Structure formats: C-alpha cells, structure tokens
**Q** 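Attaching a single structure in structure tokens format; questions to follow.
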2 protein chains.
Amino acid sequence: MEPLAEKKKAIFESTLELVNENGFHGTPMSMVAKRAGVAAGTIYHYFESKDSLICELFQSIEAQRLNVLKEADDKTLPYQDRFFNVWRSLYLFYIKNPNVLKFYEQFVNSPYNSTKKGGGFKPYLNLIFSFFEEGVNEGILRKVDPQVLGVMVHGNIISTAKIHVHGTISLSEEALKLIQQIVWDGIVKRDR
Amino acid sequence: MEPLAEKKKAIFESTLELVNENGFHGTPMSMVAKRAGVAAGTIYHYFESKDSLICELFQSIEAQRLNVLKEADDKTLPYQDRFFNVWRSLYLFYIKNPNVLKFYEQFVNSPYNSTKKGGGFKPYLNLIFSFFEEGVNEGILRKVDPQVLGVMVHGNIISTAKIHVHGTISLSEEALKLIQQIVWDGIVKRDR
DNA sequence: GCAAACCGAATGAACATTCAATAGAGAGGA
DNA sequence: TCCTCTCTATTGAATGTTCATTCGGTTTGC
C-alpha cells in the first residue's frame with residue numbers, strides 16, 4: 001500500500017495526460033477512468049472528488065519538484081556552480097516531463113491555486129528563496145529581495161523550458177549555456 | 001454599431017471577470033449572460049459558441065497588447081531607453097489589468113492555444129522579436145537568437161507583474177528599476 | 001469468511017445551445 | 001404625422017446532452 005498503489009499512480013498519470021490534451025474542463029472522470037484502466041467508481045475510492053484529485057496531483061508534482069531541487073544542490077560546490085546545477089536540473093526536469101510542465105502552468109494560473117488545498121505551503125519556492133538568500137548574504141549576488149530573485153529565475157527556467165517544449169525554436173546546448181549565463185550575469189553582484 | 005457594440009463589450013468584460021473567478025470551466029454561459037446584463041440567447045447573436053467567445057476575447061487582448069507595445073516604443077530614443085520604456089509599459093499594462101493578465105495566462109497554457117483560432121499569428125511576439133533583433137544587429141545586445149531574448153524578457157515581465165498582482169511581496173519603484181536593470185545587464189553585450 | 005478494493009450501470013444536476021416569440025428601429029408611403 | 005412593413009436585436013424557457021458522483025453488488029487477498 002505504500003508505493004502509491006498502482007491504481008492511484010495510473011489515475012494520476014491518466015489525469016495528467018488528459019488535462020494536457022483537453023484542459024480541466026473537457027476531461028471527464030469517465031475518460032480518466034478509462035485511460036487509467038479502472039472503473040469510474042474506483043477513482044472515488046482514492047479521491048474525494050474531481051477537484052481533490054487535481055489538487056492532490058498538483059501536490060505530488062510539487063513534491064517531485066522539491067526533490068529535484070534538493071538533489072541538484074550540492075552545497076559543497078562554489079555558489080556559481082550550484083546556480084548552474086540548480087538551473088539545469090530544473091530545466092531538465094521540465095523538458096523530460098512536458099506534461100508536468102503544462103499541467104503545472106494550467107494549475108497555478110487557475111482558480112484552483114487561489115482557493116482550496118493547492119495554494120497553501122510552498123516548500124519548493126521557499127527552498128528557492130533560501131538558495132538566493134544565501135547568495136545575497138555571501139555577497140555574491142546583488143542586494144535584491146531573494147524572493148524576487150527566486151521568482152525571476154524560476155520564471156526564466158519555465159520560459160526556457162516552454163521554448164523547448166513548444167518546439168518552435170530549438171535550443172542547442174550552447175544556447176542553453178548562454179541563457180544561464182545571461183541570467184547569472186544579471187543577478188551577480190557588479191564588482192566595482 | 002461600430003464601436004464594438006455595447007453588448008458585445010459587456011459580454012467580453014463579464015467573461016473576463018468570471019474566468020478569473022472560476023476558470024473556463026465553472027463559468028457557465030448563463031452566468032456570463034447575467035453579469036453582462038443580457039439574456040443567454042443574446043450571446044449567441046454575437047458569438048458562435050462558448051469556445052469562439054473565449055478565443056475572440058483572447059484575440060482582442062492580443063490586439064490591446066500589441067497596441068501598448070507600439071505606443072511605448074519611440075524609435076528616436078537610444079536603444080537602452082527604448083528597452084526600459086517597453087518593459088515598463090507592458091508591466092504597467094498588466095498590473096493595471098490584472099484580469100487580463102490572468103486570463104491571458106490561463107489561455108496560453110490551455111489547450112485552446114494549441115488548437116483552434118487562438119494560436120495562429122502572433123503579431124505581438126513578432127514585434128518583440130524584431131525589437132530585439134534590432135538590438136542584436138546594432139551590436140548593443142549579446143549575439144543571441146532574438147526570439148530567445150524575446151521570450152525571456154516577455155516571461156520576465158509576466159513574472160514580475162504576477163509578483164505584484166499576487167500581492168505577497170510588494171514592489172517598490174526602486175525594486176522595479178532594479179529588476180529591469182538586472183535583465184538589461186544580462187542581455188547587453190559584454191564589452192571586453 | 002471478512003475487509004478492502006473494485007466495478008459500472010443508474011441518478012440527478014448542470015449546462016451549452018436552440019428557437020419561437022417579442023421589441024425596436026428605420027424606411028417608405030399616403 | 002401616422003401607419004405599415006421588414007429586418008435586426010433581444011429575450012428566456014425548453015431541449016437534450018454531458019458529466020460528477022453514488023451505491024449495490026462482485027471480486028480479491030488474507
């Protein structure tokens with residue numbers, strides 16, 4: 001029962017895909033059930049309602065993201081390397097999971113996020129904030145509210161990942177490096 | 001009959017508000033009608049369907065945005081001033097129209113945008129692209145694909161506006177200036 | 001045997017859309 | 001000035017569909 005019961009995982013996966021294809025609306029529970037290979041009723045064994053299914057899915061994504069961030073940040077490295085690692089790991093996470101990216105974006109911009117269960121704690125963003133706080137305190141980054149830095153860089157990673165996922169422009173390895181460099185050059189303390 | 005028939009404007013306005021409050025789902029046509037002060041049937045006099053109402057609303061927002069951009073960019077000014085003007089005008093547009101910002105974000109991340117009428121031409125982004133192309137060609141900006149610069153800066157403006165609109169952190173005038181400076185310092189050509 | 005997990009047809013509410021009927025606004029005509 | 005005629009704008013109740021959710025029953029694991 002621990003490793004996220006197969007069925008439950010299948011329901012999450014199916015919801016993720018369908019919400020990408022059809023949006024929150026346009027994704028009937030019956031379809032979620034069918035693609036997950038379970039009966040409609042079964043979903044209600046695991047989730048209270050459609051809303052709570054979606055909110056829980058979001059929370060599980062939050063957890064994944066937090067994990068990626070934690071694993072990426074090796075605190076023994078110099079700060080600049082840590083920045084590049086964190087940026088790159090999150091970027092890779094999004095492009096490897098385009099469904100997650102799109103679901104996430106749909107969710108945070110929807111009213112789900114304002115009300116209800118989804119919007120409470122934000123451990124992921126908090127970790128980002130403290131990452132930048134360190135940089136500021138150590139005198140490596142400009143003196144800017146770390147929360148602002150956090151949101152800016154987070155937004156930049158998302159934007160970049162969307163470029164890749166939308167596929168209109170393709171990003172070479174060098175282009176990626178360049179983008180990271182642009183951001184770094186912006187936030188790093190001007191010496192002199 | 002020319003200036004966007006009062007009724008039609010009221011329907012747009014009502015849709016904008018309700019989609020913010022309740023999302024695309026959770027916004028029944030009957031409610032749109034009631035808030036707009038018209039009968040349900042009237043909406044179908046102006047729009048073919050709910051989908052086309054939403055797509056047309058999006059297009060009207062695109063047009064507004066394009067306008068803001070055009071008006072903000074005074075080509076007689078030095079490039080750096082133009083950049084700051086453009087950035088600030090778009091930022092102001094979003095924070096003065098938070099409903100527009102949120103509707104826009106909901107729309108572009110939804111499946112509406114992938115299919116149908118909404119996603120075709122992108123005059124706004126194209127103008128942004130050519131703005132950055134100029135900067136690159138004139139040797140003021142780093143040699144980066146202008147489309148990438150465009151998406152990055154656009155994303156940054158949106159992120160910043162969201163900080164303001166969400167209201168968790170408040171942005172002073174200096175903070176704003178600093179953010180613009182950070183972006184500028186990132187994209188500008190490193191001399192030596 | 002007995003929980004817990006699972007099924008899927010049945011229920012009822014919500015909703016997009018339709019349409020027959022009404023109001024209004026102009027255009028002529030006497 | 002007043003009276004049609006006509007075309008458009010508007011109404012809101014009625015329609016038919018779609019869906020979230022329920023629940024009585026079945027299966028499965030222990």
Side-chain angles (χ1 to χ4, degrees), chain A residues 1-60 103 106-107 110-112 115-118, chain B residues 1-60 103 106-107 110-112 115-118:
Chain A
M1 176 175 289
E2 305 335 317
L4 209 38
E6 283 313 306
K7 291 280 161 73
K8 195 166 176 179
K9 203 184 292 187
I11 293 168
F12 271 163
E13 192 51 43
S14 155
T15 307
L16 199 54
E17 288 172 21
L18 286 165
V19 168
N20 270 287
E21 292 165 23
N22 313 313
F24 292 127
H25 58 317
T27 300
M29 293 297 257
S30 54
M31 220 181 277
V32 172
K34 190 194 279 188
R35 189 170 304 190
V38 303
T42 303
I43 299 179
Y44 290 86
H45 184 71
Y46 292 100
F47 304 95
E48 205 172 277
S49 65
K50 186 178 181 180
D51 277 11
S52 87
L53 160 60
I54 286 170
C55 288
E56 284 187 40
L57 174 51
F58 177 74
Q59 284 170 332
S60 106
F103 176 88
Q106 282 196 66
F107 188 93
S110 78
Y112 280 117
T115 55
K116 329 210 185 181
K117 322 171 186 181
Chain B
M1 178 174 288
E2 308 332 317
L4 209 38
E6 283 313 306
K7 290 279 161 75
K8 195 166 176 179
K9 203 184 291 188
I11 293 168
F12 271 163
E13 192 51 44
S14 156
T15 306
L16 198 55
E17 288 172 22
L18 285 165
V19 168
N20 270 288
E21 291 165 25
N22 314 312
F24 293 127
H25 58 317
T27 300
M29 294 297 258
S30 54
M31 219 180 278
V32 171
K34 191 193 279 186
R35 188 168 306 187
V38 302
T42 303
I43 298 179
Y44 290 86
H45 184 71
Y46 292 100
F47 304 96
E48 204 173 277
S49 65
K50 185 176 180 179
D51 277 11
S52 86
L53 161 60
I54 286 170
C55 287
E56 283 186 40
L57 175 51
F58 177 74
Q59 284 170 334
S60 105
F103 177 89
Q106 281 196 65
F107 187 94
S110 78
Y112 281 118
T115 55
K116 330 209 186 181
K117 322 171 186 180

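Only this structure's heavy atoms are used, side chains among them; waters, hydrogens and symmetry mates stay out. Note that the structure is a prediction, hence the values are computed from the model and not measured. Each chain gets a letter, A, B and so on, in the order its sequence line appears, and its residues count up from 1.
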**Q** Does a side-chain N or O from T42(B) land closer than 4.0 Å to OP1 or OP2 of dT11(D), or not?
**A** yes
**Q** What residues, two or more places apart in sequence or in another chain, satisfy side-chain contact (heavy atoms from CB on, under 4.5 Å) together with H25(A)?
**A** F24(B), H25(B), Y112(B)
**Q** Mind checking if Y46(B) touches a base, just sugar-phosphate, or nothing, with heavy atoms under 4.0 Å?
**A** sugar-phosphate
**Q** If you define the side chain from C-beta out and look only at heavy atoms, does anything of F103(A) sit under 4.5 Å from I54(A)?
**A** yes
**Q** Quick check against the 3.5 Å criterion: does S14(B) have a side-chain atom that pairs as donor or acceptor with the backbone of A10(B)?
**A** no
**Q** Taking N or O atoms only and anything under 3.5 Å, show me the protein contacts with nucleotides 27-30 of chain D, one pair per line.
**A**
none

**Q** In whole Å, I'd like the distance from the NZ atom of K34(B) to the P atom of dA16(C).
**A** 14 Å
**Q** Listing time: all N or O pairs from protein to nucleotides 16-21 of chain D that are below 3.5 Å?
**A**
| from | atom 1 | to | atom 2 | distance (Å) |
| --- | --- | --- | --- | --- |
| dA20(D) | OP1 | K50(A) | NZ | 2.6 |
| dA20(D) | OP2 | M29(A) | N | 2.4 |
| dT21(D) | OP2 | Y44(A) | OH | 2.8 |
| dT21(D) | OP2 | K50(A) | N | 2.8 |
| dT21(D) | O5' | Y44(A) | OH | 3.4 |

**Q** To the nearest Å, give me how far apart CD1 (I54(B)) and C1' (dT17(C)) are.
**A** 15 Å
**Q** Quick one: CD on Q106(B) to CG on N20(B), what's the gap to the nearest 0.5 Å?
**A** 6.5 Å
**Q** Who are the side-chain contact (heavy atoms from CB on, under 4.5 Å) partners of F47(B), not counting sequence neighbours?
**A** K8(B), I11(B), F12(B), I43(B), S52(B), L53(B), E56(B)
**Q** Over how many whole Å does the gap from K7(A) atom NZ to dA4(C) atom P extend?
**A** 17 Å
**Q** With sequence neighbours left out, write down each residue that passes side-chain contact (heavy atoms from CB on, under 4.5 Å) with E13(A), or none if nothing qualifies.
**A** L16(A), E17(A)
**Q** List in chain and number order the residues that pass side-chain contact (heavy atoms from CB on, under 4.5 Å) with T42(B), two or more places apart in sequence or in another chain; answer none if no residue qualifies.
**A** V38(B), A39(B), Y46(B)
**Q** Can you see if the side chain of H45(B) gets near the phosphate of dT10(D) - specifically, an N or O under 4.0 Å from OP1 or OP2?
**A** no
**Q** Within this structure, what is the CD1-to-C1' distance between I43(B) and dT18(C), rounded to whole angstrom?
**A** 14 Å
